Amino acid sequence: VLADSLPGLFLPSDNLENSAPEPKSEKKKLSINFDFLQKLGKVLMAVIAVMPAAGLMISLGKLVQMAGADMSMIFTVGSTMESIGWAIINNLHILFAVAIGGSWAKERAGGAFASVIAFILINVITGALFGISSDMLADPNAVTHTLFGKEILVNGYFTSVLGAPALNMGVFVGIISGFVGGTVYNKYYNYRKLPDALAFFNGKRFVPMVVILWSVIHTPNALIPPWITGHTTAKTAEMITDHSQHAEYVCLDTPGKQV
């Protein structure tokens, strides 16, 4: 009788079930793509595995030079062995570019070729962006200005890469170039949408054009880590200088005490 007189007070069982609060959905856990990390590790190991061999050649070359210091022939052999090791160490950036680009792309030769193009362009762009010339690299007192107007020495921040002045970015520029070349090749190697007048550049021939554009776009990414490295190095050198001056003051203040 009460239910008939107050129909809004009592709800059917189905409505009660539907009106129950829904359980809170659990937060999605951060998914880690282990296949990507495994592939990345294999790509990097292709170059890292060469570094011990380079170090071994440098060490053996030094030993041979020490053993045959009086014999020019043996000394030349040791010097050549050392030069082979340093040739690998000093060109790790381009080795990273070729290894990553060739391993990341669907076709090794095409990806490596695109990565080398990106490597050359990024280095040339950084040198031209700061107005660095070959004469400035040879001058230890030459200075230039950053994008924020701060004056910095050319020596240490810039170097010669494949005969052209470029910002000293170490192996990071090779890693960026490798991923740019491999990614661009995988995305555009089968591109067939150009007009008939430009049909010659369809497919794999279209990849270098896109690499040129991507190299310009990704140049700022290559500038960030060297700026951090250079800033940290400058702070470390300043701390060492302050410590040396303090140690010199202690030695002068306390005669006969050595530091």
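From a predicted model like this one, the values you see are computed outputs, not experimental measurements.
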### Task
Could you grab the distance from atom CD of Q65 to atom OG1 of T80, nearest 0.5 Å is fine?
8.5 Å

### Message
Quick check on the 6.0 Å ring-centre criterion: do Y191 and F206 meet it?
### Response
yes

### Query
When rounded to the nearest 0.5 angstrom, what distance separates CG in L194 from CZ in R205?
11.5 Å

## Note on the structure
Looking only at heavy atoms, the pair that brings V161 and A166 closest together is CG2-CB, 4.0 Å

### Task
Could you pull out the closest heavy-atom pair between Y157 and L167, with the gap in Å?
O-CD1, 3.2 Å

### Message
If you define the side chain from C-beta out and look only at heavy atoms, does anything of M81 sit under 4.5 Å from V64?
### Response
yes

### Message
For W104, is there any backbone N or O sitting under 3.5 Å from a side-chain donor or acceptor partner on N186?
### Response
yes

### Task
Return the minimal non-hydrogen interatomic distance between I122 and S177, and the atom names on each side.
CD1-OG, 3.8 Å

### Query
What's the spacing between N155 CG and M136 CE if we round to 0.5 Å?
11.5 Å

### Query
With a 4.5 Å heavy-atom cut-off, do I88 and M51 have their side chains touching?
no

### Summary
When rounded to the nearest 0.5 Å, the distance separating OG of S59 from NZ of K62 is 9.5 Å

### Task
Answer yes or no: is there a side-chain heavy-atom contact under 4.5 Å between K204 and Y185?
yes

### Query
What closest approach, in Å, do F119 and L162 show between heavy atoms, and which atom pair accounts for it?
CE2-CD1, 4.0 Å

### Query
In a check of side-chain contact (heavy atoms from CB on, under 4.5 Å) between I89 and each of I58, L95, V50, which one passes?
I58

#### Entry: Among N123, V173, T159, the one residue meeting side-chain contact (heavy atoms from CB on, under 4.5 Å) with N168
T159

### Query
Honestly curious: do L56 and L92 fall in one hydrophobic cluster under the side-chain, below-4.5 Å linking rule?
no

### Query
Can you hop from W86 to L60 via hydrophobic side chains spaced under 4.5 Å?
no

### Query
Honestly curious: do V77 and F75 fall in one hydrophobic cluster under the side-chain, below-4.5 Å linking rule?
no

### Task
For the residue pair V143 and I152, establish whether any side-chain heavy-atom pair is separated by less than 4.5 Å.
no

### Query
Do E107 and Y189 get their side chains close enough for a donor-acceptor pair, meaning under 3.5 Å?
no

### Query
So, for S215 and A118, which heavy atoms are closest and what is the spacing to 0.1 Å?
OG-CA, 3.4 Å

### Query
Between atom CD1 of I84 and atom OG of S79, what is the distance when rounded to the nearest 0.5 Å?
10.0 Å

### Same apolar cluster: L129 and I212, side chain cutoff 4.5 Å
yes

### Query
Does F158 reach the side chain of T144, with side-chain heavy atoms less than 4.5 Å apart?
yes

### Query
Is there a donor-acceptor pair closer than 3.5 Å between any side-chain N or O of S103 and the backbone N or O of I100?
no

### Task
Supply the atom-to-atom distance K106 NZ to N190 CG, rounded to the nearest 0.5 angstrom.
8.5 Å

### Task
Might you point out which heavy atoms bring S115 and G182 nearest each other, and give the distance in Å?
OG-N, 3.9 Å

### Task
List the steps, then state whether side-chain contact (heavy atoms from CB on, under 4.5 Å) holds for N91 with H93.
CA-CA 5 Å; N91 292 283; H93 43 18; 4.0 Å; yes

### Message
Do F200 and L198 land in one hydrophobic cluster if side-chain heavy atoms of ILVMFWY residues count as linked below 4.5 Å?
### Response
yes

### Query
Is the closest side-chain heavy-atom distance between S134 and S160 below 4.5 Å?
no

